[in-house]
Number of protein chains: 2
Amino acid sequence: MTNFSSRRQAVLEVMKTMRCHPSADRVYEEVRKTIPSISLATVYRNLAFLEKAGIVGRVVGCDNKERYDVELDNHCHVICTECGEVEDMDYPEDLKRYLDGYCDKNGFCKFGLSFYKICDECKRKSELGKLQNEISKN
Amino acid sequence: MTNFSSRRQAVLEVMKTMRCHPSADRVYEEVRKTIPSISLATVYRNLAFLEKAGIVGRVVGCDNKERYDVELDNHCHVICTECGEVEDMDYPEDLKRYLDGYCDKNGFCKFGLSFYKICDECKRKSELGKLQNEISKN
DNA sequence: TCAAAAATAAAAATAATTATCATTTTTGTT
DNA sequence: AACAAAAATGATAATTATTTTTATTTTTGA
(Lines give C-alpha, C1' and ligand atoms only; values in the text may rest on other atoms or scores of the structure.)
Protein backbone atom coordinates (compact mmCIF):
# COMPACT_ATOMS: atom_id res chain seq x y z
CA MET A 1 0.00 0.00 0.00
CA THR A 2 1.31 3.39 -0.91
CA ASN A 3 0.10 5.05 2.24
CA PHE A 4 2.64 7.77 2.78
CA SER A 5 2.50 10.58 5.26
CA SER A 6 1.53 13.89 3.73
CA ARG A 7 5.09 15.21 3.81
CA ARG A 8 6.54 12.07 2.34
CA GLN A 9 3.89 12.28 -0.33
CA ALA A 10 4.75 15.92 -0.92
CA VAL A 11 8.44 15.12 -1.34
CA LEU A 12 7.58 12.42 -3.84
CA GLU A 13 5.22 14.72 -5.72
CA VAL A 14 7.91 17.35 -6.04
CA MET A 15 10.33 14.74 -7.30
CA LYS A 16 7.82 13.67 -9.91
CA THR A 17 7.03 17.21 -10.95
CA MET A 18 10.54 18.57 -11.26
CA ARG A 19 11.97 17.55 -14.56
CA CYS A 20 15.53 17.93 -13.34
CA HIS A 21 17.66 16.02 -10.86
CA PRO A 22 17.44 18.15 -7.79
CA SER A 23 19.73 18.11 -4.81
CA ALA A 24 18.14 17.80 -1.37
CA ASP A 25 18.15 21.54 -0.78
CA ARG A 26 16.40 22.17 -4.10
CA VAL A 27 13.71 19.67 -3.13
CA TYR A 28 13.42 21.38 0.25
CA GLU A 29 13.05 24.76 -1.42
CA GLU A 30 10.32 23.37 -3.63
CA VAL A 31 8.33 21.47 -1.00
CA ARG A 32 8.33 24.53 1.23
CA LYS A 33 6.19 26.30 -1.32
CA THR A 34 3.29 24.06 -0.34
CA ILE A 35 4.36 23.04 3.18
CA PRO A 36 6.32 25.97 4.57
CA SER A 37 6.80 24.30 7.94
CA ILE A 38 8.57 21.22 6.63
CA SER A 39 12.13 20.81 7.85
CA LEU A 40 15.20 20.04 5.80
CA ALA A 41 15.86 16.96 7.91
CA THR A 42 12.48 15.58 6.90
CA VAL A 43 13.31 16.07 3.26
CA TYR A 44 16.57 14.18 3.72
CA ARG A 45 14.83 11.46 5.68
CA ASN A 46 12.12 11.01 3.10
CA LEU A 47 14.50 11.01 0.18
CA ALA A 48 16.46 8.30 1.98
CA PHE A 49 13.23 6.41 2.65
CA LEU A 50 12.09 6.65 -0.95
CA GLU A 51 15.50 5.56 -2.13
CA LYS A 52 15.44 2.49 0.08
CA ALA A 53 11.98 1.74 -1.27
CA GLY A 54 13.38 1.84 -4.79
CA ILE A 55 11.16 4.76 -5.77
CA VAL A 56 13.85 7.36 -6.23
CA GLY A 57 17.49 6.87 -7.06
CA ARG A 58 20.65 8.78 -6.39
CA VAL A 59 22.65 10.34 -9.13
CA VAL A 60 26.08 11.79 -8.69
CA GLY A 61 26.61 15.00 -10.53
CA CYS A 62 29.84 16.95 -10.62
CA ASP A 63 29.45 19.22 -7.61
CA ASN A 64 29.67 17.61 -4.20
CA LYS A 65 25.98 17.09 -3.82
CA GLU A 66 23.82 14.06 -3.98
CA ARG A 67 21.12 14.44 -6.57
CA TYR A 68 17.91 12.50 -6.84
CA ASP A 69 15.96 11.01 -9.67
CA VAL A 70 12.51 9.46 -10.03
CA GLU A 71 12.85 8.01 -13.50
CA LEU A 72 14.68 4.83 -12.72
CA ASP A 73 14.39 3.18 -16.09
CA ASN A 74 16.10 3.26 -19.39
CA HIS A 75 18.07 6.44 -19.41
CA CYS A 76 21.57 7.68 -19.00
CA HIS A 77 22.81 11.07 -17.91
CA VAL A 78 24.35 14.13 -19.43
CA ILE A 79 26.31 15.96 -16.76
CA CYS A 80 27.69 19.46 -16.87
CA THR A 81 31.33 19.53 -15.82
CA GLU A 82 30.93 23.09 -14.57
CA CYS A 83 27.77 23.19 -12.48
CA GLY A 84 27.02 19.50 -12.03
CA GLU A 85 23.51 19.75 -13.43
CA VAL A 86 22.18 16.39 -14.61
CA GLU A 87 19.97 15.79 -17.60
CA ASP A 88 18.32 12.61 -18.82
CA MET A 89 19.04 11.05 -22.15
CA ASP A 90 17.63 7.91 -23.69
CA TYR A 91 19.99 5.05 -24.32
CA PRO A 92 20.40 4.05 -27.88
CA GLU A 93 18.22 0.91 -27.87
CA ASP A 94 20.94 -1.54 -28.88
CA LEU A 95 23.35 -0.15 -26.29
CA LYS A 96 20.80 -0.60 -23.52
CA ARG A 97 20.32 -4.24 -24.52
CA TYR A 98 24.05 -4.82 -24.65
CA LEU A 99 24.64 -3.34 -21.18
CA ASP A 100 21.67 -5.15 -19.64
CA GLY A 101 23.07 -8.41 -20.92
CA TYR A 102 26.59 -7.64 -19.75
CA CYS A 103 25.25 -6.72 -16.33
CA ASP A 104 23.28 -9.93 -15.92
CA LYS A 105 26.07 -12.11 -17.20
CA ASN A 106 28.60 -10.65 -14.77
CA GLY A 107 26.51 -10.39 -11.63
CA PHE A 108 26.27 -6.62 -11.36
CA CYS A 109 23.09 -5.22 -9.86
CA LYS A 110 22.98 -2.13 -12.04
CA PHE A 111 25.01 0.15 -14.23
CA GLY A 112 25.24 3.82 -14.98
CA LEU A 113 26.42 5.64 -18.05
CA SER A 114 27.15 9.36 -18.12
CA PHE A 115 28.30 11.71 -20.82
CA TYR A 116 29.97 14.97 -19.90
CA LYS A 117 29.93 18.39 -21.44
CA ILE A 118 29.59 22.03 -20.44
CA CYS A 119 25.92 22.92 -20.43
CA ASP A 120 24.56 25.84 -22.44
CA GLU A 121 23.92 27.92 -19.33
CA CYS A 122 27.54 27.56 -18.19
CA LYS A 123 28.88 28.16 -21.70
CA ARG A 124 26.93 31.40 -21.81
CA LYS A 125 28.21 32.46 -18.42
CA SER A 126 31.79 31.70 -19.37
CA GLU A 127 31.49 33.70 -22.61
CA LEU A 128 30.05 36.58 -20.63
CA GLY A 129 32.97 36.39 -18.21
CA LYS A 130 35.52 36.57 -21.00
CA LEU A 131 33.74 39.51 -22.53
CA GLN A 132 33.70 41.42 -19.27
CA ASN A 133 37.38 40.66 -18.86
CA GLU A 134 38.14 42.14 -22.26
CA ILE A 135 36.16 45.23 -21.46
CA SER A 136 37.83 45.86 -18.11
CA LYS A 137 41.25 45.53 -19.77
CA ASN A 138 40.58 48.38 -22.17
CA MET B 1 58.44 20.54 -17.59
CA THR B 2 57.30 18.27 -14.80
CA ASN B 3 59.01 20.26 -12.12
CA PHE B 4 56.81 19.69 -9.11
CA SER B 5 57.47 20.60 -5.54
CA SER B 6 58.50 17.67 -3.39
CA ARG B 7 55.06 17.44 -1.78
CA ARG B 8 53.21 17.67 -5.04
CA GLN B 9 55.53 15.00 -6.37
CA ALA B 10 54.88 12.86 -3.30
CA VAL B 11 51.12 13.13 -3.76
CA LEU B 12 51.47 12.06 -7.37
CA GLU B 13 53.77 9.17 -6.43
CA VAL B 14 51.25 7.89 -3.92
CA MET B 15 48.50 8.13 -6.51
CA LYS B 16 50.59 6.11 -8.92
CA THR B 17 51.53 3.53 -6.33
CA MET B 18 48.11 2.91 -4.82
CA ARG B 19 46.22 0.52 -7.01
CA CYS B 20 42.85 1.74 -5.73
CA HIS B 21 40.91 4.98 -6.08
CA PRO B 22 41.67 6.73 -2.85
CA SER B 23 39.76 9.57 -1.29
CA ALA B 24 41.75 12.62 -0.22
CA ASP B 25 42.07 11.45 3.37
CA ARG B 26 43.44 8.07 2.23
CA VAL B 27 46.04 9.88 0.12
CA TYR B 28 46.88 12.07 3.12
CA GLU B 29 47.28 9.01 5.33
CA GLU B 30 49.61 7.47 2.78
CA VAL B 31 51.75 10.54 2.02
CA ARG B 32 52.25 11.12 5.72
CA LYS B 33 54.19 7.88 5.91
CA THR B 34 57.01 9.57 4.00
CA ILE B 35 56.31 13.24 4.80
CA PRO B 36 54.75 13.28 8.27
CA SER B 37 54.57 17.06 8.34
CA ILE B 38 52.43 17.42 5.23
CA SER B 39 49.02 18.94 5.84
CA LEU B 40 45.65 17.72 4.61
CA ALA B 41 45.00 21.04 2.88
CA THR B 42 48.13 20.54 0.81
CA VAL B 43 46.93 17.13 -0.28
CA TYR B 44 43.60 18.65 -1.36
CA ARG B 45 45.34 21.50 -3.12
CA ASN B 46 47.69 19.23 -4.98
CA LEU B 47 45.01 16.79 -6.00
CA ALA B 48 43.08 19.76 -7.38
CA PHE B 49 46.21 21.00 -9.14
CA LEU B 50 46.94 17.60 -10.66
CA GLU B 51 43.36 17.31 -11.76
CA LYS B 52 43.45 20.66 -13.51
CA ALA B 53 46.67 19.58 -15.16
CA GLY B 54 44.86 16.50 -16.48
CA ILE B 55 47.16 14.12 -14.61
CA VAL B 56 44.63 12.73 -12.18
CA GLY B 57 40.89 12.45 -12.54
CA ARG B 58 37.98 12.43 -10.19
CA VAL B 59 35.78 9.43 -9.75
CA VAL B 60 32.52 9.45 -7.92
CA GLY B 61 32.01 6.44 -5.74
CA CYS B 62 28.98 5.72 -3.60
CA ASP B 63 29.92 7.33 -0.31
CA ASN B 64 29.99 11.11 -0.19
CA LYS B 65 33.66 11.38 -0.99
CA GLU B 66 35.52 12.42 -4.03
CA ARG B 67 37.89 9.75 -5.16
CA TYR B 68 40.90 10.13 -7.39
CA ASP B 69 42.38 8.13 -10.19
CA VAL B 70 45.65 8.26 -12.12
CA GLU B 71 44.77 5.86 -14.91
CA LEU B 72 42.80 8.13 -17.17
CA ASP B 73 42.51 5.85 -20.15
CA ASN B 74 40.38 3.02 -21.31
CA HIS B 75 38.68 1.69 -18.27
CA CYS B 76 35.35 1.75 -16.54
CA HIS B 77 34.55 1.29 -12.88
CA VAL B 78 33.06 -1.30 -10.61
CA ILE B 79 31.61 0.42 -7.58
CA CYS B 80 30.49 -1.13 -4.31
CA THR B 81 27.03 0.07 -3.34
CA GLU B 82 27.88 -0.44 0.32
CA CYS B 83 31.29 1.14 0.91
CA GLY B 84 31.78 3.12 -2.27
CA GLU B 85 35.10 1.46 -3.10
CA VAL B 86 35.98 1.82 -6.77
CA GLU B 87 37.76 -0.75 -8.90
CA ASP B 88 38.98 -0.54 -12.47
CA MET B 89 37.70 -2.77 -15.21
CA ASP B 90 38.67 -2.86 -18.88
CA TYR B 91 36.01 -1.97 -21.38
CA PRO B 92 35.07 -4.66 -23.78
CA GLU B 93 36.99 -3.44 -26.85
CA ASP B 94 33.98 -3.02 -29.11
CA LEU B 95 32.02 -1.12 -26.46
CA LYS B 96 34.88 1.34 -26.00
CA ARG B 97 34.96 2.02 -29.71
CA TYR B 98 31.19 2.49 -29.82
CA LEU B 99 31.17 4.94 -26.92
CA ASP B 100 34.17 6.89 -28.24
CA GLY B 101 32.36 7.32 -31.53
CA TYR B 102 29.09 8.29 -29.88
CA CYS B 103 30.92 10.83 -27.74
CA ASP B 104 32.67 12.47 -30.68
CA LYS B 105 29.60 12.53 -32.82
CA ASN B 106 27.49 14.25 -30.17
CA GLY B 107 29.99 16.76 -28.84
CA PHE B 108 30.54 15.30 -25.38
CA CYS B 109 33.98 15.75 -23.88
CA LYS B 110 34.06 12.44 -22.06
CA PHE B 111 31.98 9.61 -20.73
CA GLY B 112 31.95 7.31 -17.74
CA LEU B 113 30.53 3.85 -17.31
CA SER B 114 30.10 2.21 -13.94
CA PHE B 115 28.79 -1.16 -12.85
CA TYR B 116 27.51 -1.65 -9.36
CA LYS B 117 27.62 -4.56 -6.96
CA ILE B 118 28.38 -5.31 -3.33
CA CYS B 119 32.08 -5.98 -3.00
CA ASP B 120 33.39 -9.19 -1.42
CA GLU B 121 34.58 -7.40 1.68
CA CYS B 122 31.12 -5.94 2.33
CA LYS B 123 29.39 -9.20 1.52
CA ARG B 124 31.55 -10.92 4.12
CA LYS B 125 30.81 -8.24 6.70
CA SER B 126 27.09 -8.46 6.06
CA GLU B 127 27.12 -12.26 6.42
CA LEU B 128 29.02 -11.89 9.67
CA GLY B 129 26.45 -9.41 10.92
CA LYS B 130 23.55 -11.75 10.18
CA LEU B 131 25.35 -14.59 11.95
CA GLN B 132 25.94 -12.52 15.06
CA ASN B 133 22.31 -11.51 15.00
CA GLU B 134 21.23 -15.15 14.97
CA ILE B 135 23.54 -15.96 17.86
CA SER B 136 22.36 -13.08 20.03
CA LYS B 137 18.74 -14.12 19.46
CA ASN B 138 19.34 -17.60 20.95
C1' DT C 1 71.67 38.39 -4.16
C1' DC C 2 67.23 39.50 -3.68
C1' DA C 3 62.43 40.63 -4.75
C1' DA C 4 58.28 38.48 -6.55
C1' DA C 5 55.65 34.39 -7.01
C1' DA C 6 54.31 29.97 -5.51
C1' DA C 7 53.65 26.59 -2.00
C1' DT C 8 52.80 25.43 2.55
C1' DA C 9 50.96 24.33 7.63
C1' DA C 10 47.67 25.24 10.72
C1' DA C 11 43.52 26.61 11.77
C1' DA C 12 39.10 28.63 10.80
C1' DA C 13 35.19 28.62 7.83
C1' DT C 14 31.80 26.56 4.86
C1' DA C 15 28.69 23.23 3.04
C1' DA C 16 26.28 18.95 2.87
C1' DT C 17 24.51 15.36 5.43
C1' DT C 18 23.29 12.74 9.51
C1' DA C 19 22.09 12.08 14.39
C1' DT C 20 19.65 13.41 18.57
C1' DC C 21 15.78 14.41 21.19
C1' DA C 22 11.58 16.13 22.67
C1' DT C 23 7.08 16.51 20.68
C1' DT C 24 3.36 15.38 17.54
C1' DT C 25 0.91 12.29 14.48
C1' DT C 26 -0.54 7.90 12.99
C1' DT C 27 -1.83 3.14 13.60
C1' DG C 28 -3.80 -0.88 15.29
C1' DT C 29 -6.11 -3.00 19.14
C1' DT C 30 -9.25 -3.33 22.60
C1' DA D 1 -13.98 6.03 21.15
C1' DA D 2 -9.75 5.30 24.13
C1' DC D 3 -5.31 4.43 24.31
C1' DA D 4 -0.68 2.43 24.06
C1' DA D 5 3.04 1.57 20.75
C1' DA D 6 5.22 2.86 16.63
C1' DA D 7 6.39 6.11 13.23
C1' DA D 8 7.21 10.75 11.69
C1' DT D 9 8.57 15.29 12.51
C1' DG D 10 10.96 20.09 13.61
C1' DA D 11 14.61 22.11 15.58
C1' DT D 12 19.02 21.91 16.47
C1' DA D 13 23.44 19.88 17.35
C1' DA D 14 27.00 17.05 15.53
C1' DT D 15 29.66 15.14 11.93
C1' DT D 16 32.17 14.87 7.73
C1' DA D 17 34.33 16.45 3.64
C1' DT D 18 36.23 20.24 1.51
C1' DT D 19 37.74 25.06 0.89
C1' DT D 20 39.54 29.45 2.48
C1' DT D 21 42.45 32.32 5.06
C1' DT D 22 46.62 33.91 6.93
C1' DA D 23 51.13 34.13 8.26
C1' DT D 24 55.29 31.85 7.08
C1' DT D 25 58.51 29.33 4.22
C1' DT D 26 60.33 27.85 -0.17
C1' DT D 27 61.25 28.38 -4.89
C1' DT D 28 62.23 30.95 -9.03
C1' DG D 29 64.34 33.85 -12.07
C1' DA D 30 66.29 38.27 -13.14
Side-chain angles (χ1 to χ4, degrees), chain A residues 1-15 20-53 55-69 81-86, chain B residues 1-15 20-53 55-69 81-86:
Chain A
M1 56 198 101
T2 338
N3 213 353
F4 291 159
S5 78
S6 65
R7 307 193 165 207
R8 184 163 296 164
Q9 192 62 47
V11 168
L12 179 53
E13 282 315 315
V14 161
M15 284 300 302
C20 61
H21 297 71
S23 50
D25 57 325
R26 278 293 291 114
V27 176
Y28 174 58
E29 211 177 283
E30 207 58 28
V31 182
R32 282 223 289 182
K33 290 181 184 169
T34 51
I35 310 182
S37 66
I38 199 171
S39 86
L40 179 56
T42 297
V43 172
Y44 270 104
R45 265 186 305 241
N46 282 320
L47 286 171
F49 179 97
L50 293 169
E51 194 207 350
K52 216 171 225 173
I55 296 166
V56 313
R58 296 200 185 201
V59 197
V60 245
C62 238
D63 50 358
N64 300 331
K65 286 182 188 173
E66 291 290 337
R67 285 158 181 280
Y68 296 86
D69 190 354
T81 51
E82 290 286 318
C83 67
E85 209 62 55
V86 180
Chain B
M1 60 198 97
T2 340
N3 212 352
F4 291 157
S5 78
S6 65
R7 304 190 170 207
R8 183 163 297 164
Q9 192 61 48
V11 168
L12 179 54
E13 282 314 316
V14 160
M15 284 300 303
C20 59
H21 297 73
S23 51
D25 58 323
R26 277 292 291 115
V27 175
Y28 175 58
E29 209 176 283
E30 205 60 27
V31 182
R32 280 222 292 181
K33 289 182 185 167
T34 50
I35 311 184
S37 66
I38 198 171
S39 86
L40 179 56
T42 297
V43 171
Y44 270 103
R45 264 187 308 246
N46 282 320
L47 286 171
F49 178 98
L50 292 168
E51 193 206 352
K52 216 171 226 174
I55 297 166
V56 313
R58 293 200 188 201
V59 198
V60 246
C62 238
D63 50 358
N64 300 335
K65 285 182 189 176
E66 291 291 336
R67 285 158 182 280
Y68 296 86
D69 191 354
T81 51
E82 291 287 318
C83 67
E85 208 62 55
V86 180

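Within every chain, numbering begins at 1; the chains are lettered A, B, ... in the order of the sequence lines, protein sequences first and strands thereafter.
- To the nearest 0.5 angstrom, B:Thr42 atom OG1 is 9.5 Å from B:Ile35 atom CD1.
- Regarding A:Arg8, its CZ atom lies at a distance of 14 Å from the C1' atom of C:dT27, rounded to whole Å.
- Put simply, CD on A:Gln9 is 13 Å from P on D:dA8, counting in whole angstrom units.
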Could you list, one pair per line, each protein nitrogen or oxygen that sits under 3.5 Å from a nitrogen or oxygen of nucleotides 14-21 of chain D, together with the distance?
{"residue": "D:dA17", "atom": "OP1", "partner": "B:Lys65", "partner atom": "NZ", "Å": "3.3"}
{"residue": "D:dT18", "atom": "OP1", "partner": "B:Glu66", "partner atom": "N", "Å": "2.8"}
{"residue": "D:dT18", "atom": "OP2", "partner": "B:Tyr44", "partner atom": "OH", "Å": "2.4"}
{"residue": "D:dT18", "atom": "O5'", "partner": "B:Tyr44", "partner atom": "OH", "Å": "3.2"}

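- If you check residues 28-36 of chain A against DNA chain D, you find no residue with a heavy atom closer than 4.0 Å.
- Residue pairs meeting the salt bridge (Lys or Arg N to Asp or Glu O under 4.0 Å) criterion with at least one member in residues 34-49 of chain A, sequence neighbours excluded, do not occur.
- With contacts defined as side-chain heavy-atom distances shorter than 4.5 Å, the pair A:Tyr68/A:Val11 does not qualify.
- In terms of the salt bridge (charged side-chain N to carboxylate O under 4.0 Å, His left out) criterion, A:Glu13 has no residue partners (sequence neighbours excluded).
- A:Glu85 and A:Cys20 make their closest contact through OE2-CB, 4.5 Å (heavy atoms, listed as atom of the first residue, atom of the second, distance).
- Considering only heavy atoms from C-beta on, A:Asp25 comes within 4.5 Å of A:Lys65 through its side chain.
- Contact between A:Val27 and A:Pro22 at its shortest, heavy atoms only, is CG2-CG, 3.6 Å.
- Atoms CG (B:Asn46) and C1' (C:dT8) sit 9 Å apart, rounded to a whole Å.
- Residue pairs meeting the salt bridge (Lys or Arg N to Asp or Glu O under 4.0 Å) criterion with at least one member in residues 28-44 of chain B, sequence neighbours excluded: B:Arg26-B:Glu29, B:Arg26-B:Glu30, B:Glu30-B:Lys33.
- Nearest heavy atom pair, residue A:Leu40 against residue A:Tyr28, reads N-CE1, 3.4 Å.
- When all heavy atoms of B:Asn46 and B:Arg8 are compared, the closest pair comes out as OD1-NE, 2.7 Å.
- To the nearest angstrom, C1' of D:dT28 lies 16 Å from CZ of B:Phe4.
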Provide a list of protein-nucleic acid N or O atom pairs under 3.5 angstrom, restricted to nucleotides 22-26 of chain C.
none

